[in-house]
Amino acid sequence: MIETRHLTKTYASLKALDDLTLDIGPGEVFGFIGPNGAGKSTTMKILACLLRPDKGTAKVCGFDIAKDGDEIRRCIGYMPDFLGVYDDLTVDEYLHFFAAAFKLPRRQRRSIVGQVLTLTDLTEKKDALVDSLSRGMQQRLGVARVLIHDPKVLLLDEPASGLDPRARIEMRSLLQELGRMGKVLMVSSHILSELAEMCSSIGIIERGKLLYAGSIEDAYERTKALSGGGEVILVGLEAGSAPGEAVKASLARFPFVIGVESSPPASEHPGSAPSGALRVRLASDAGGHHALIEALLASGARIGSFEPQDVKLEDAFLKLTTGALQ
Amino acid sequence: MSAPRLARRLRRAAEMLRPSVLLASVPGPLFLKEAQLIGRRPSTYWTRGAASAVLLVLISILFVVLWFESTDQSAASRLQQLQIIAPSVTIAVLWFTYVILTVCALGINAGAICEERRKGTLSALLTTPLAAWQILLGKIAGQSVQLIVIALLGAPLLLAVRVFGGVGPQTIIIGYALAVSSALLAATLAAWHSIHSRKASTAMLAAMLSFALIQCAPPVLFLLLSHYGIPGARQWHIFLCSPIAMFAVSAELFGSMGIPVFARSAATLSAAYALAWSVLIYLISCLHLRWYLRREAGFSAPAAATVIPDPAPTPGRRTRRPAHRSAARVSRDVGDHPVLWRELRQSVFKSRRNLIIVALAIAALFIYLYFEAGIDERNLHTVVTAIASMILLCSAAAVSSGSLSGERESRTLDSLLSTPLSAFEIISGKFAGAFRRLWFIPAVIGTHFTLSYLAGVVRPILLLHLALILIPPAAAVCASGVWFSTMFSKSTTAAAVNMALVFGFWLGLPLMVGFTIDTMTTGRMADDILEIMFMPNPVPIAVVAAGGGVIERSTSTVPYPMLSIGRLSTFWFTAYTCVHALVYAFFTLVFLWLATRRLAGSSGRSLWRSGN
């Protein structure tokens, strides 16, 4: 649905995009990750035909951004990183405004606006002036706006920025719902944990260069591989346990343990046990958690907690970008 | 207010006025920030470049004239020739400096506070220990650095004229003082209006009207006092109005030309008058800013002197509607042309109450004039027409310039451009909205002349003449404003450029040509050419129409004294106004076409075809 080939965009001396090649297929929910100024918004603006690339080509829904701007505008919904609103309009008028702009038949507009208001949970606010809405509601209104013409592709630039936790959860649920509806979503965000929950694939961009693009599972696998492989277990030790160093030395003798590290003290990790904690890396083909528990008990450790550590998107981001541009 | 509290406030005010505090405040951090920011804007360099280019043209004309005139002449003759044209050069430079400084001061300062509020940076500013007076002073002073540079651009030329042309230094100094003091007044007015305006272009328009009001007040007061025979009316009151004072200075350069001997002193007083108003407006602005921020923050009584809790949006957040404004209303049906639909529903006045107040005030003014001067007074009609025409054209220049740059400023442009609307649909909607917002002044003129017609004072064709003379140029100015708004990211820049176009085409160009002709030829021909150059200007033509439209009791002829052409009959004058209207209608279409092409090109959308 989205293809970019060698996209390059330069602002004065700053290279905002550097040879960006990307493919997003049908039904994908694509998380676009990168620090501020990495080129996420520039990419989205180019795909929304709001900016022209200096070099390269891009296609959205099979249409070329250089030639088929009007067709692309009809098949995408673009929500900018900062949503400006017409402060003199009500929510209902605002959505009707864009429904008319997208040339929806007049007879259908009312029902379509009603549907998107229901979907975004704004029905009660339909006669409120747009400017009087809270930030979270304005963001939801922004999503409602991009849905008004039922686009196949949604380009959402930082849809959760500036939202409070509740509004953020609501926004995430809304985007998950849109993903379930079969729309192609390209979502940029700084909040990686949120993207991890709703994205099927991610792209990591930094200083205009795409460092990684692929499925989220593949990103996790690669992160594990870059971290040395295996599964990591965080073991908290209770008071009265054998000293951490002794437990470490004991565990190192077992062949299924490929590494043991002391975890930071309790003051840094309030959840960890008072006598400290160990990060134990198990070989992937090892006997599993049961064998480790037996080994720990054999080494005199009193187990306070036992937490298998999942790979997080933050870890993937850090591992996949480390050294890439330095 | 209790006595201790009053004493505390007075002490604090006295503390602020201590030289050490003032020196620490200017240049303060805000001054430095503003001076640096304005120095980085491309528009700054464009403005300076344009000003330099105009001065360069002046010098070139001067050089060419001298070169032609001085062949086969002695050095003494050449010097004498320079002395002959020196007054013209001085006048041209002084007038140019006066106009450009005033327009730039309005444009630069109109966004002083409302831009901060829109960007959400006002809250950050308010968490600093800076007081309202320091914020305003820093803003005005910092942004005025640009004005100083522009003011200095003409200085070398005037110095050369002074040394080689023998123009008195006092004249140059007074002319400069008038230009700078007027610019300062314009700057403070623009900053004041930016406190309560939501858009910079609205603040600019309001500042422009306030500026005109302050400048017109002394002559009007003089006329009223003289009319009623109230003691205290002095002729020098007229010269407090800075354009009149500039005319006096200009006339003096040409050897009096009937200007009273006290004109020069009055011009000095005019500069002082503008400065006094500047200080007063600045103080009012400080109080207004304090009051406004407290009201927005929901404070009923003043607390801390400087730090006010965040009434403005956090960065990246829009200003919230004050609690006193209604947050809901019945939704209206949106038409099939959404941009046009919305633009046609933009109100000129903030509320119906404001409209009623303004309408009642104007009605009261006209009733007074009808009783005092008489509805059959020809001068009443010409003065009303001249003032209304100027306001109409200036309003057209300002209100249209926020069309697309205003969308960009309020961050709604990306959403609008992500729709498949064609460039023409957007541009035509914006143009129609801007044009419609001008309805008030034509309504006032129309009502006045309809009443005059019903009273049997003017002929009905006058309404047609005025419509043909004023509406097409206003449309052209609106269209050029829309075009400029597709070019500039700031609406105030677009408004200033559009204003410069208006002044340049209708005032600057005729004066420049007149200056050239005046230096090269003498006698009737120069006057004729100058008058012809002023013919595209709708204001004098509207005045001619108003004068000619009044039914004369004494004569049966209806002459329209068309400058150098001679007196035209009604038929030929109507024909002239039709041509005038067609020419401006053509310019309107050209500007709209340019704007449409530019938007289509920059956003990669179709020109006309709607995205069905």
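The sequence lines fix the lettering, A, B, ..., with proteins before strands; numbering per chain opens at 1.
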Report task. State whether D336(B) and R106(A) are salt-bridged, where the test is any N-O pair (Lys NZ or Arg NE/NH1/NH2 against Asp/Glu carboxylate O) under 4.0 Å. Result -> yes
Query - Presence of salt bridge, E425(B) and K103(A), under 4.0 angstrom - result: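 Yes, charged N to carboxylate O under 4.0 Å.
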Less than 4.5 Å apart, side chain to side chain, heavy atoms only: is that true for [X] and [Y]?
| X | Y | result |
| --- | --- | --- |
| P420(B) | F102(A) | yes |
| H96(A) | D333(B) | no |
| R345(B) | D88(A) | no |
| R342(B) | Y94(A) | no |
| P80(A) | R411(B) | no |
| T419(B) | H149(A) | no |

Query raised in the report: Taking all non-hydrogen atoms of both residues, which atom of R145(A) and which atom of S418(B) are closest, and how far apart?
Result: NH1-OG, 3.8 Å
**Report entry** Minimum heavy-atom distance between S606(B) and D70(A), given as atom pair plus value
**Finding:**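 Shortest heavy-atom contact: OG-OD2, 3.0 Å.
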Rounded distance (nearest 0.5 Å) linking atom [atom1] of [X] with atom [atom2] of [Y]:
| X | Y | atom1 | atom2 | value |
| --- | --- | --- | --- | --- |
| Q346(B) | Y86(A) | CD | OH | 9.5 Å |
| S410(B) | D131(A) | OG | CG | 10.5 Å |
| S415(B) | Y78(A) | OG | OH | 8.0 Å |
| S603(B) | L50(A) | OG | CG | 8.0 Å |
| L51(A) | S602(B) | CG | OG | 10.5 Å |

Is it the case that atom [atom1] in [X] sees more than 12 heavy atoms from other parts of the structure closer than 6.0 Å?
| X | atom1 | value |
| --- | --- | --- |
| F424(B) | CZ | no |
| K125(A) | NZ | no |
| H337(B) | NE2 | no |
| K183(A) | NZ | yes |

Requested in this report: Would you confirm whether R73(A), through its side chain, and L417(B), through its main-chain N or O, come within 3.5 Å as a donor-acceptor pair?
Outcome: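 It does hold such a pair.
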**Report entry** L104(A), part contacting chain B, at a heavy-atom distance under 4.5 Å
**Finding:** neither
Report summary line: If one checks every heavy atom of K45(A) against chain B at 4.5 Å, the contacting part turns out to be side chain
Query raised in the report: Which residue pairs pass the salt bridge (charged side-chain N to carboxylate O under 4.0 Å, His left out) test with at least one member in residues 19-34 of chain A, sequence neighbours excluded?
Result: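 Found R5(A)-D23(A).
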Report summary line: Scored by heavy-atom pairs under 4.5 Å with chain A, the best of V334(B), I426(B), L416(B) is V334(B)
Query raised in the report: Looking at R110(A), K126(A), R109(A), which has the largest count of heavy-atom pairs under 4.5 Å with chain B?
Result: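 Result: the option with the highest number of such pairs is R109(A).
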